[in-house]
Protein chains: 2
Amino acid sequence: MDIGKTKRTSPSTTARGHATRLRIVQAAAELVAARGVDATTLEDVMQASRTSKSQIYHYFADKEALMCAVVKAQSDRVLELQSGCLSGVRSLEGLRQWRNEVVSLSRARHGVGGCPIGSLASALADRSEDARALLVASFRRWESQLARSLEQMQARGALRPSARPGDLATAVVSALQGGLLLAQTTRSTRPLELALDMALAYVAAHSTEDLPTGVAS
Amino acid sequence: MDIGKTKRTSPSTTARGHATRLRIVQAAAELVAARGVDATTLEDVMQASRTSKSQIYHYFADKEALMCAVVKAQSDRVLELQSGCLSGVRSLEGLRQWRNEVVSLSRARHGVGGCPIGSLASALADRSEDARALLVASFRRWESQLARSLEQMQARGALRPSARPGDLATAVVSALQGGLLLAQTTRSTRPLELALDMALAYVAAHSTEDLPTGVAS
DNA sequence: CCAAAACTGGACTGTCAAGTCCAATCGTGC
DNA sequence: GCACGATTGGACTTGACAGTCCAGTTTTGG
């Protein structure tokens with residue numbers, strides 16, 4: 001059975017080695033988020049993490065394996081960031097706050113970089129089966145987090161019984177990804193705002209609260 | 001003033017030259033759609049288009065200029081494809097047909113490749129200002145096409161006067177892009193279907209027709 | 001027909017980046 | 001302190017790919 005590029009090159013690791021590995025992955029994650037997968041060379045990573053080539057190849061079989069580690073790291077980072085405002089969502093109002101947070105983050109960077117996970121997905125999904133599997137898991141975790149919040153709303157009667165939290169979550173994440181891609185391209189938050197307002201309205205349409213149709217703009 | 005990478009290397013072109021240029025761009029567009037920008041080398045393009053290096057550099061200043069031409073070509077191709085079922089949209093039912101078309105196309109490729117324009121956007125938006133400008137224009141044309149149909153619906157009273165066709169179009173395209181990205185990653189049409197159903201429901205929410213809330217699945 | 005310009009073939013260069021290798025050092029258990 | 005594996009430095013190899021160059025061919029315009 002294929003273990004996948006996730007496997008360590010070395011089986012055991014000391015504390016120092018673990019720290020080195022961490023430095024490598026974090027530096028790589030930052031560079032990749034800023035420049036993209038292909039524009040990031042191992043030399044860049046070496047320099048940014050103050051390591052040597054043998055260190056990188058001691059911990060990763062090849063660049064693909066390193067990129068898989070980057071996917072994991074970015075997923076953890078984004079998920080943790082999101083869990084702050086996303087799993088805290090208890091109402092439509094909470095969702096709107098999350099929307100505003102996301103828009104603010106995008107505005108701060110003028111859309112540049114887009115979504116760290118989305119960019120990785122576009123760059124790796126068709127090129128590395130291992131990375132793709134990790135990205136699928138990442139999106140699933142993301143959706144689950146949102147779905148749990150929606151389920152709780154449903155349990156409290158805020159969402160109709162007919163609503164499907166899992167499907168809603170997938171739709172919301174899609175809108176987010178699409179909005180971020182357009183925001184990255186146009187360097188404007190407007191598409192992101194419109195996409196998320198649509199998503200909010202969609203959730204609202206499944207709620208028992210009454211919201212005016214024109215949530216947007 | 002900057003003319004941008006769009007400019008020809010040569011000012012005038014004969015019929016034969018024009019044909020050669022076309023062969024190059026089309027071959028490049030296909031390869032890029034299949035493998036991505038970075039995984040497509042000029043050697044690949046030469047082979048696929050049966051041309052030589054000097055021919056490529058006769059018509060394009062560098063690879064970036066060629067990629068800009070690819071963006072234009074893909075935009076035209078996709079827009080023309082979409083205009084068939086998109087500008088023909090006269091009602092919510094027409095939109096639903098469009099949705100089904102898009103899902104079918106994605107299913108046929110198991111999501112691989114995602115959206116040709118979306119992939120180009122993710123790969124080039126932060127790397128080439130010229131390409132980004134073309135991509136912005138491409139998305140704008142796409143949205144305009146959809147917006148025009150929505151405006152006509154509005155003129156016929158099918159959409160409420162308060163609805164904003166332009167904003168709706170942007171939201172729909174965002175949902176499409178996000179759905180295609182997730183479909184590409186998960187190799188499933190499900191996220192795309194959910195995203196587009198959300199978009200349809202959003203448009204329906206601004207219509208005067210009455211649609212059941214649970215359009216989705 | 002004849003120049004000039006458009007076009008083409010294909011070898012060549014320079015660079016850069018992934019991956020290899022080995023010797024040296026560090027750290028831990030015994 | 002010793003052995004052994006983990007760790008590290010950094011030079012080296014290999015291959016690939018963007019871009020250059022020039023000589024040759026075709027086409028155009030007059």
Side-chain angles (χ1 to χ4, degrees), chain A residues 5-29 31-32 34-70 123-124 127-128 130-131, chain B residues 5-29 31-32 34-70 123-124 127-128 130-131:
Chain A
K5 295 285 178 172
T6 302
K7 68 165 183 279
R8 298 260 176 72
T9 297
S10 53
S12 63
T13 313
T14 69
R16 180 169 57 126
H18 191 266
T20 301
R21 195 192 129 99
L22 198 67
R23 268 206 333 279
I24 294 172
V25 173
Q26 285 185 336
L31 289 168
V32 166
R35 313 179 187 174
V37 171
D38 293 288
T40 301
T41 72
L42 295 185
E43 317 258 352
D44 294 336
V45 175
M46 284 165 52
Q47 193 176 352
S49 62
R50 302 181 319 278
T51 54
S52 68
K53 202 149 242 190
S54 42
Q55 285 173 286
I56 292 181
Y57 279 95
H58 184 68
Y59 296 104
F60 305 97
D62 51 21
K63 189 178 179 182
E64 184 186 349
L66 174 57
M67 288 305 124
C68 285
V70 166
L124 297 174
R127 241 169 65 191
S128 162
D130 292 318
Chain B
K5 295 285 177 171
T6 303
K7 69 166 182 280
R8 298 258 177 74
T9 297
S10 52
S12 61
T13 312
T14 68
R16 178 169 58 127
H18 192 266
T20 301
R21 194 192 130 99
L22 198 66
R23 264 200 346 272
I24 293 171
V25 173
Q26 285 185 336
L31 289 169
V32 166
R35 312 179 188 175
V37 171
D38 293 288
T40 301
T41 73
L42 295 184
E43 317 259 352
D44 294 336
V45 176
M46 284 164 53
Q47 193 177 350
S49 62
R50 303 180 318 278
T51 54
S52 67
K53 202 148 245 189
S54 43
Q55 285 174 288
I56 291 181
Y57 279 95
H58 183 68
Y59 296 103
F60 305 97
D62 50 22
K63 189 179 179 181
E64 183 186 348
L66 174 57
M67 288 305 124
C68 285
V70 167
L124 297 174
R127 241 169 66 191
S128 162
D130 293 317

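Proteins come first, then strands; the chains are lettered A, B, ... in the order of their sequence lines, and each starts at number 1.
- Rounded to an integer number of Å, the gap from CZ of A/Arg50 to P of D/dG10 is 15 Å.
- B/Ser49 contributes a side-chain N or O that, together with a main-chain N or O of B/Val45, makes up a donor-acceptor pair within less than 3.5 Å.
- Each of B/Arg16 and B/Leu42 has a nearest nucleotide on DNA chain D; the 5'-most of these lies closest to B/Leu42.
- In terms of position along DNA chain D, the nucleotide closest to A/Gln55 lies nearer the 5' end than the nucleotide closest to the other residue of the pair A/Gln55 and B/Glu43.
- Taking atom CG of residue B/Leu66 and atom C1' of nucleotide D/dC17, one finds them 14 Å apart after rounding to whole Å.
- At least one side-chain nitrogen or oxygen of B/Lys63 sits closer than 4.0 Å to the OP1 or OP2 atom of D/dA18.
- Considering all non-hydrogen atoms of both residues, A/Ala69 and A/Phe60 come closest at CB-CE2, 3.7 Å.
- Distance CZ (B/Phe60) to C1' (D/dT20): 18 Å, rounded to an integer number of Å.
- Closest approach to the A/Lys53 side chain among D/dA11, D/dA6, C/dG9 is made by D/dA11 (side chain taken as heavy atoms from C-beta onward).
- C/dC16 atom C1' lies 15 Å from atom CD of A/Gln47, rounded to whole Å.
- Distance from the side chain of B/Ser52 is smallest for C/dT8 among the nucleotides C/dA11, D/dG9, C/dT8.
- Regarding contacts with the backbone of D/dT7, every side-chain N or O of A/Tyr57 stays at 4.0 angstrom or more from both OP1 and OP2.
- Considering only residues two or more places apart in sequence or on other chains, A/Arg23 meets the side-chain hydrogen bond (donor to acceptor under 3.5 Å, both in side chains) condition with none of them.
- Distances shown here put a side-chain N or O of A/Thr20 below 4.0 Å from the OP1 or OP2 atom of D/dT8.
- At whole-Å resolution of the value, CG in B/Asp38 and P in C/dA18 are 12 Å apart.
- In this view, A/Arg127 and A/Asp38 satisfy the salt bridge (Lys or Arg N to Asp or Glu O under 4.0 Å) rule, not counting sequence neighbours.
- The side chain to side chain contact (heavy atoms under 4.5 Å, CB included) test with B/Ile24 singles out one residue from B/Leu42, B/Val70, B/Ile56, and that residue is B/Ile56.
- One interatomic measurement links the two molecules: CD1 of A/Ile56 to C1' of D/dG9, which rounds to 13 Å at whole-angstrom precision.
- Comparing D/dT7, D/dG9, C/dA6 against the side chain of A/Thr14 picks out D/dT7 as the nearest.
- The CG-P distance, from A/Asp62 to D/dG15, rounds to 18 Å in whole Å.
- Atom NE2 in A/His58 sits about 16 Å away from atom C1' in C/dA23, given to the nearest Å.
- Within the 4.0 Å cut-off from OP1 or OP2 of D/dT8, at least one side-chain nitrogen or oxygen of A/Tyr59 is found.
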